[in-house]
Amino acid sequence: MSTIESSVSSILLDRVAEWLTNSSLAGDDLENIVRGFCERLASAGLPIARVHLTFSMLHPLYDALSFTWRRASGVTIEGFRMPAGQKPDRFLQSPYYYLLDNNLQHIRRRLSQEGPAEFPIFEDLRKDKITDYLAFVQPFGDGSVQGMMGSWSTDHNNGFSDDMIDALLRMQNHLAVAAKMAVLGKLANNMLTTYLGGDAGKRVLNGQIRRGDGETIRAALVMGDMRESTIYAEKEGRQAYIDTLNQFFDAIAAPFNRNGGEILSFLGDGFLAVYPCGRHKDPSKIACEAALSAVHQAQARVAELNSDRQQKGLSKIGYGIGLHVGNVMFGNVGLKDRLTFSAFGSAVNEVQRLQILTKKYGREVVASQAFAGYCGGEWTRLGEEKLRGIRQKVTVLQPRAPAPEILVDEHFREAVQNGLSEAEQVILLHRDAKKQVKRTSMEKFIQ
């Protein structure tokens, strides 16, 4: 490649640092910060060919996020989850492990195209004609479980000059501050989304945090419940029961967290899902049809799960689902200093009692006439019931079940087979849209 002067413009680097500060104040996400930083660093004259950055995360589904920027192709992203109690050989043979094991902050290596490679990753870097490699560890404070590890690589004939290394180390500190702010912001969003749900989490982040904050909305409602859970708990023991309960939720509840639906709360061995909609006929029809479609998918997934459990000598899991549509209060209730965000009101009580009626009628799914009326299609009338607190009797119906074999998605089948939850499976399979390099998540993590 062409000769590049070793001097680095401090003026341009100051502009990059200023951009990082402004991005942090604006609340930019980690991906935009990494991409913008790398592009601006290269534009400032630093001959970086590749940047790899890994950020440890406090998240229920993965342990780290990994970003790899290449001058020719941009950024690729990977979510990583460390197997419990395992340290794969490739990680043990990586520059990052060397840094951690020897309590070092930096390691710099000039790379030649010949001879043995000190670390396996250097073989890959040779293919990209990398000449110089600088790896680092950057904690986000003493005692913090969050931090940043990364590496800078160049294909410049003379490698990194001292001016370049000084500039990279200086910019590394600015990046760490911006990244820490983004990680903390993502942490807050992750926790609220995981524990409250996507829409409820956004409402809380946007300031809906006081007791009594909320609104009345119309929604299709889904209440699901696992049958004979007490027997499972007594027979299987605590951990086995928790594992069974999580399998059940992965199978039956996950479909209601898509296509406009949201799992609003888990209630012991049951759950409440909502499909918010407008107050007119067409929005209500769309919401109810989406909820019913999710019911069909959930039924097929539970059938798949039970088939797998039977092959392993385990008992089938039973369940009941109630469907309704109506107005609900959506917001915060509880103590002044201990709140919950959920849906409340008569419609929620009604869907709960409809779900209980699945036991009386021996059906997996029942719905109110109001819900079925918006969906159309074929329904079986089961009877009329007087629900506690409701003046008029409610007509209870059962939907016709479709053929389950055409409904089960492959992600769920893979999750059942390898023991991962569906959410974990999706995270581990995440690739950016370009998918230019097909490698394992561990390989992404250790580069």
Side-chain angles (χ1 to χ4, degrees), residues 216-228 252-253 255-256 258-265 267-303 317-330 342-404 407:
T216 298
I217 66 170
R218 183 169 177 78
L221 304 171
V222 182
M223 181 76 77
D225 187 70
M226 179 178 170
R227 295 290 178 253
E228 299 181 345
I252 198 169
F256 301 103
R258 309 167 180 165
N259 301 323
E262 181 175 345
I263 302 293
L264 197 55
S265 59
L267 314 168
D269 55 3
F271 67 91
L272 171 65
V274 297
Y275 288 76
C277 59
R279 300 181 184 278
H280 302 295
K281 178 179 179 180
D282 288 344
S284 297
K285 184 176 185 294
I286 292 171
C288 290
E289 287 177 345
L292 183 60
S293 177
V295 167
H296 294 157
Q297 179 65 220
Q299 288 182 288
R301 289 159 64 101
V302 175
I317 298 176
Y319 63 93
I321 296 176
L323 301 169
H324 190 39
V325 61
N327 297 330
V328 298
M329 291 177 285
F330 195 58
S342 192
F344 311 91
S346 61
V348 176
N349 297 333
E350 290 165 32
V351 74
Q352 182 179 27
R353 288 156 192 161
L354 283 166
Q355 179 272 127
I356 294 174
L357 287 175
T358 59
K359 299 178 183 179
K360 174 180 177 178
Y361 288 105
R363 301 291 192 271
E364 293 175 344
V365 182
V366 301
S368 65
Q369 178 67 63
F371 182 94
Y374 284 116
C375 289
E378 299 184 29
W379 295 78
T380 301
R381 184 178 183 279
L382 300 177
E384 291 190 351
E385 294 289 336
K386 182 71 169 66
L387 302 182
R388 181 164 55 88
I390 307 300
R391 293 181 180 180
Q392 296 180 339
K393 288 187 176 182
V394 174
T395 301
V396 181
L397 302 100
Q398 174 195 5
R400 173 181 286 187
L407 291 170

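Residue numbers count from 1 along this sequence.
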>> If you apply the rule side chain to side chain contact (heavy atoms under 4.5 Å, CB included), what do you find for Met226 with Ile317, and how did you get there?
In response: CA-CA 7 Å; Met226 179 178 170; Ile317 298 176; 4.0 Å; yes

>> Applying side chain to side chain contact (heavy atoms under 4.5 Å, CB included) to Gln297 and Phe256, what does each step give before you reach the verdict?
In response: CA-CA 9 Å; Gln297 179 65 220; Phe256 301 103; over 6 Å; no

> Are Arg363 and Leu382 close enough, and set up right, to give a side chain to side chain contact (heavy atoms under 4.5 Å, CB included), and what steps lead you there?
Replying inline: CA-CA 10 Å; Arg363 301 291 192 271; Leu382 300 177; 3.9 Å; yes

> When you look at Ser368 and Leu354, which way does the side chain to side chain contact (heavy atoms under 4.5 Å, CB included) test go after all the steps?
Replying inline: CA-CA 8 Å; Ser368 65; Leu354 283 166; 3.9 Å; yes

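Side chains of Arg301 and Pro255 form a contact here, defined as non-hydrogen atoms less than 4.5 Å apart. Considering only heavy atoms from C-beta on, Arg381 comes within 4.5 Å of Thr395 through its side chain. Between Val274 and Val328 the shortest side-chain heavy-atom distance does not fall below 4.5 Å. Residues Leu292 and Pro399 are in side-chain contact: their nearest non-hydrogen atoms beyond the backbone lie under 4.5 Å apart. When side chains are defined from C-beta on, Leu397 does not count as touching Phe371, because their heavy atoms never get closer than 4.5 Å.
Side-chain contact annotation: Arg218 with Ser284, donor-acceptor N/O pair under 3.5 Å present. Side-chain atoms of Arg227 and Thr358 form a donor-acceptor pair, as typed in the model, at a separation below 3.5 Å.
With respect to Glu385 and Lys360, a salt bridge is recorded, a charged nitrogen being found less than 4.0 Å from a carboxylate O.
Residue Asn349 places its CG atom among more than 12 non-hydrogen atoms of other residues, nucleotides or ligands, all under 6.0 Å distant. Within a 6.0 Å sphere centred on CD of Glu384, other residues, nucleotides and ligands contribute more than 12 heavy atoms.
Counting only residues at least two apart or on different chains, the salt bridge (Lys or Arg N to Asp or Glu O under 4.0 Å) pairs with a member in residues 283-297 are Lys285-Glu289.
Nearest heavy atoms, Ala291 versus Val222: CB-CG2, 4.0 Å.
Residues satisfying the ring pair (Phe, Tyr, Trp, His ring centres under 6.0 Å) test with Tyr319, not counting sequence neighbours, are none.
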